[in-house]
Student: 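Got a structure for you, written out below as structure tokens; questions coming shortly.
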Amino acid sequence: MKTQPVKGFSKLSKEAKIEWLIQNFTNHPDETMQMLTGYWHGQPEVQKLHDEFIENTISNFYMPFGVAPNFLINQKMYAIPMAIEESSVVAAASKSANFWLDRGGFKSEVIGMVKVGHVHFLWEGNEIEWMFDLFESHKNLFYDHTNDITKNMRLRGGGILDLNLIDKTELEPGYFQIEVKFDTRDSMGANFINSCLEEIAKTWRNLVEESKSNIQPDVIIVMSILSNFTPECLVKAEVSCKIDDINEGSGIGNLEFAEKFCRAIRIATIEPYRAVTHNKGIMNGIDAVIMATGNDFRATEACAHAYAAKNGKYTSLSHAAIEGDTFKFWIKLPISIGTVGGITNLHPMVKFAHELLGYPNASDLMEIVAVAGLAQNFSAVRSLITSGIQKGHMKMHLLNILNQLEATDAEKDEIVSYFKDKVVSFSSAVEVFCKIRGISVGSLSKSK
Ligand code: MEV
């Protein structure tokens, strides 16, 4: 199929966009149109809301929205909303929540909420001391010139916290930064920070222009942008219990379990291949809550992994220790999120997620998200060091396999019950399915 480039695609109606895609890229026009329009929301005004989140919306992309109940966090009960496609994540979180519910629950605490952004610029000239003096003696200008932008944030108790000029010339000749720290209260604050930074960059360029006389330095603004690495926007979540209370039911002794667990965490601490998978498991829990609450999972991911590598080597985000007769397990990581702004007050499911959590502020939500990551990690490591991960994982994945095989509800019930005490694999599921249906495995692979 030879496809011609399209002009003005964004201006086409939704139907016309789909028509063009169907004509150029698919072989099943009626089915495709039906499928895409089938995912439109029944209420046109709600669909319009979704259409306007991004450009060129043609339909909605469904993800399961699940809930992990029984999370006791700082002595308050939560049912945590999770949007995720991976079969076992919500089940694992729920299991962990129940486990720790009987052992005092989770403690979680925000350590800091400072966000950061930079004006990256080049300084062409030798007058470095002059530049630093100029910056320091005119700091108030940066606050004054951003007054209009920061007004509402200041009324809410936030705003610009600090500005500093940083010499980065050891990295790149002539490279300097104005580093600005922010308190963005309950918003993630990306737009606020970027608007402030662009104004600060303008102020800086004008200040240098107006102040230089005979000297010839020049400032070249490269870019003004927030950093998604926010090591001062930090949260810690933890659980602990007496080793005698671990009693986790897999048949191994309590102390042996605690020691095995700590060893697994140590391997994730010292070995990057394991650390990446270990942290991926943590992010299973974190991203699911981030998505459900309408936050930016790309920013959260980028930041978490940068933090995991902050000392020059990628390492575990979680930690475990045996102290006397107590087992301790904790996580500390930066999470920069918001409970106002963005789509938090627009997306109906996101609004529901916030209601479910009791309308948390940003700091509460950071605590909940960190707990979801820790809970997820606990379940994963617990399975890994006892039964292995596949037993639980494949049990949850069984329905996906059966749906792929287009099993009926009755067949699904029978097969799920068959596998209750057996380990699931793709081939064993197919075998049992074929047996029940009275067909050969070979005939199935031909028809698929
Ligand atoms: C799978 O999505 C996540 C795990 O691999 C995490 C881990 O290995 O710790 C199970």
Side-chain angles (χ1 to χ4, degrees), residues 112-150 153-154 158-184 187-234 272 296 298-315 333-336:
M113 292 188 68
V114 177
K115 318 273 172 75
V116 67
H118 302 92
V119 176
H120 302 263
F121 70 93
L122 295 182
W123 183 257
E124 293 192 334
N126 297 321
E127 300 77 6
I128 307 296
E129 218 181 296
W130 179 83
M131 170 176 62
F132 272 87
D133 286 346
L134 185 70
F135 178 83
E136 287 300 328
S137 56
H138 290 81
K139 256 190 184 176
N140 61 320
L141 264 189
F142 300 111
Y143 288 96
D144 291 349
H145 287 195
T146 48
N147 259 342
D148 284 348
I149 307 169
T150 59
M153 194 63 86
R154 280 183 288 113
I160 296 175
L161 299 174
D162 200 9
L163 293 113
N164 282 297
L165 190 55
I166 301 179
D167 185 338
K168 291 275 176 182
T169 49
E170 86 280 9
L171 299 177
E172 172 81 10
Y175 174 30
F176 291 82
Q177 292 177 338
I178 301 177
E179 182 177 77
V180 191
K181 296 203 173 170
F182 297 90
D183 176 348
T184 63
S187 65
M188 186 206 173
N191 286 329
F192 169 74
I193 292 176
N194 290 335
S195 300
C196 287
L197 290 171
E198 288 185 6
E199 195 55 47
I200 288 167
K202 219 188 300 168
T203 302
W204 179 229
R205 205 185 39 227
N206 290 343
L207 178 64
V208 173
E209 275 311 306
E210 284 159 15
S211 310
K212 68 183 187 189
S213 48
N214 296 335
I215 51 173
Q216 296 295 320
D218 220 346
V219 60
I220 300 171
I221 305 292
V222 181
M223 58 193 154
S224 308
I225 186 77
L226 92 170
S227 174
N228 287 118
F229 184 42
T230 53
E232 292 181 75
C233 189
L234 204 59
D296 182 341
R298 288 85 57 208
T300 312
E301 281 279 341
C303 184
H305 298 298
Y307 191 74
K310 70 180 187 311
N311 294 327
K313 186 178 170 193
Y314 192 89
T315 184
L333 84 167
I335 302 175
S336 171

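One is the number of the first residue; the rest follow in order along the sequence.
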Student: Nearest 0.5 Å please: distance from the CD1 atom of Ile178 over to the CZ atom of Phe135.
Tutor: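 Ile178 CD1 to Phe135 CZ: 5.0 Å, rounded to 0.5 Å.
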Student: Just wondering, are more than 12 heavy atoms of other shown residues or ligands nearer than 6.0 Å to CD in Glu170?
Tutor: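 Atom CD in Glu170 is crowded, with more than 12 foreign heavy atoms closer than 6.0 Å.
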Student: Carefully, step by step, assess Asp162 and Lys139 under the rule side-chain contact (heavy atoms from CB on, under 4.5 Å).
Tutor: CA-CA 9 Å; Asp162 200 9; Lys139 256 190 184 176; 4.1 Å; yes
Student: How long is the gap from NE2 on His138 to CD on Glu136, to the nearest 0.5 Å?
Tutor: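 These two atoms lie 12.0 Å from each other.
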Student: Just wondering, are more than 12 heavy atoms of other shown residues or ligands nearer than 6.0 Å to CG in Asp148?
Tutor: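 Incorrect, the count does not exceed 12.
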Student: Indicate the atoms forming the closest heavy-atom contact of Leu226 with Leu197, along with that distance.
Tutor: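 Reported closest heavy-atom pair: N-CD1, 3.5 Å.
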Student: Could you go through the side-chain contact (heavy atoms from CB on, under 4.5 Å) check for Leu122 and Tyr175 one step at a time?
Tutor: CA-CA 5 Å; Leu122 295 182; Tyr175 174 30; 4.2 Å; yes
Student: Please determine whether the number of non-hydrogen atoms from other residues, nucleotides or ligands lying under 6.0 Å from atom CG of Asp167 exceeds 12.
Tutor: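 Counting other residues, nucleotides and ligands, CG of Asp167 exceeds 12 neighbours.
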Student: Provide the closest heavy-atom pair for Leu161 versus Tyr143 in the form atom of the first, atom of the second, distance.
Tutor: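 Shortest heavy-atom contact: O-OH, 3.7 Å.
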Student: With side chains defined as the heavy atoms from C-beta onward, is the minimum distance between Asn194 and Ile225 less than 4.5 Å?
Tutor: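 Of all side-chain heavy-atom pairs linking Ile225 with Asn194, at least one is under 4.5 Å.
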Student: Looking only at non-hydrogen atoms, find the nearest pair between Ile221 and Arg205 and report the distance.
Tutor: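 Here Ile221 and Arg205 meet closest at CG1-NH1, 4.2 Å.
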Student: Does the plane of the ring in Trp130 sit parallel, tilted or perpendicular to the ring in Trp123? Use 30° and 60° as the thresholds.
Tutor: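 Trp130 vs Trp123 ring planes: tilted.
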Student: For Thr184 and Ser187, work out which heavy atoms get closest and say how close.
Tutor: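 Minimum heavy-atom separation between Thr184 and Ser187: OG1-O, 2.7 Å.
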Student: Using 4.0 Å as the upper bound for N to carboxylate O, is an ion pair formed by Arg298 and Glu301?
Tutor: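 A salt bridge is absent here (no side-chain N lies under 4.0 Å from a carboxylate O).
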Student: Taking all non-hydrogen atoms of both residues, which atom of Gly159 and which atom of Arg154 are closest, and how far apart?
Tutor: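 Looks like CA-CG, 4.4 Å.
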Student: Would Cys196 and Thr150 count as a side-chain contact (heavy atoms from CB on, under 4.5 Å) here? Give the steps.
Tutor: CA-CA 8 Å; Cys196 287; Thr150 59; 3.7 Å; yes
Student: Kindly compute the distance separating CG (Asp183) from SG (Cys233), expressed to the nearest 0.5 Å.
Tutor: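 It is 9.5 Å, given to the nearest 0.5 Å.
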Student: Could you label the plane-to-plane angle of the Tyr307 and Phe229 rings as parallel, tilted or perpendicular, counting under 30° as parallel and over 60° as perpendicular?
Tutor: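 If you compare the ring of Tyr307 with that of Phe229, the planes turn out tilted.
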Student: Hey, does the side chain of Lys168 reach the backbone of Gln177 with a donor-acceptor pair shorter than 3.5 angstrom?
Tutor: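 Checking the backbone N and O of Gln177 against the side chain of Lys168, no donor-acceptor pair under 3.5 Å is found.
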Student: Under 3.5 Å, is there a donor-acceptor pair between the side chain of Ser211 and the main chain of Val208?
Tutor: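 Looks like no, no N/O pair under 3.5 Å.
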Student: Nearest 0.5 Å, what's the CG-CG distance between Leu141 and Asn206?
Tutor: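 If I round to the nearest 0.5 Å, the distance is 10.0 Å.
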Student: Under the side-chain contact (heavy atoms from CB on, under 4.5 Å) criterion, do Ile128 and Phe176 qualify, and how do the steps go?
Tutor: CA-CA 10 Å; Ile128 307 296; Phe176 291 82; 3.7 Å; yes
Student: When you check the gap from the basic side-chain N to the acidic O, do Lys212 and Glu127 get nearer than 4.0 Å?
Tutor: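 Salt bridge between Lys212 and Glu127, a charged N being under 4.0 Å from a carboxylate O: no.
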Student: Which class fits the ring pair Phe142 and Trp204: parallel under 30°, tilted 30 to 60°, perpendicular over 60°?
Tutor: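 Rings of Phe142 and Trp204: tilted, as their planes differ by 30° to 60°.
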Student: So, for Asp296 and Ala299, which heavy atoms are closest and what is the spacing to 0.1 Å?
Tutor: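 So the two residues come closest at OD1-N, 3.0 Å.
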Student: Count the heavy atoms of every other residue, nucleotide or ligand shown that sit under 6.0 Å from NZ of Lys202, and state whether that count exceeds 12.
Tutor: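 At most 12 heavy atoms, drawn from other residues, nucleotides or ligands, come within 6.0 Å of this atom.
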Student: Take atom CG in Asn126; do more than 12 heavy atoms of anything else shown fall under 6.0 Å from it?
Tutor: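 12 or below, so no.
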Student: Measure the CG-CD1 distance between Asn191 and Ile149 for me, rounded to the nearest 0.5 Å.
Tutor: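 Between Asn191 CG and Ile149 CD1, I get 11.5 Å after rounding to 0.5 Å.
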Student: Find the distance between NE2 (His118) and OG (Ser227) and round it off to the nearest 0.5 Å.
Tutor: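 That separation rounds to 6.0 Å.
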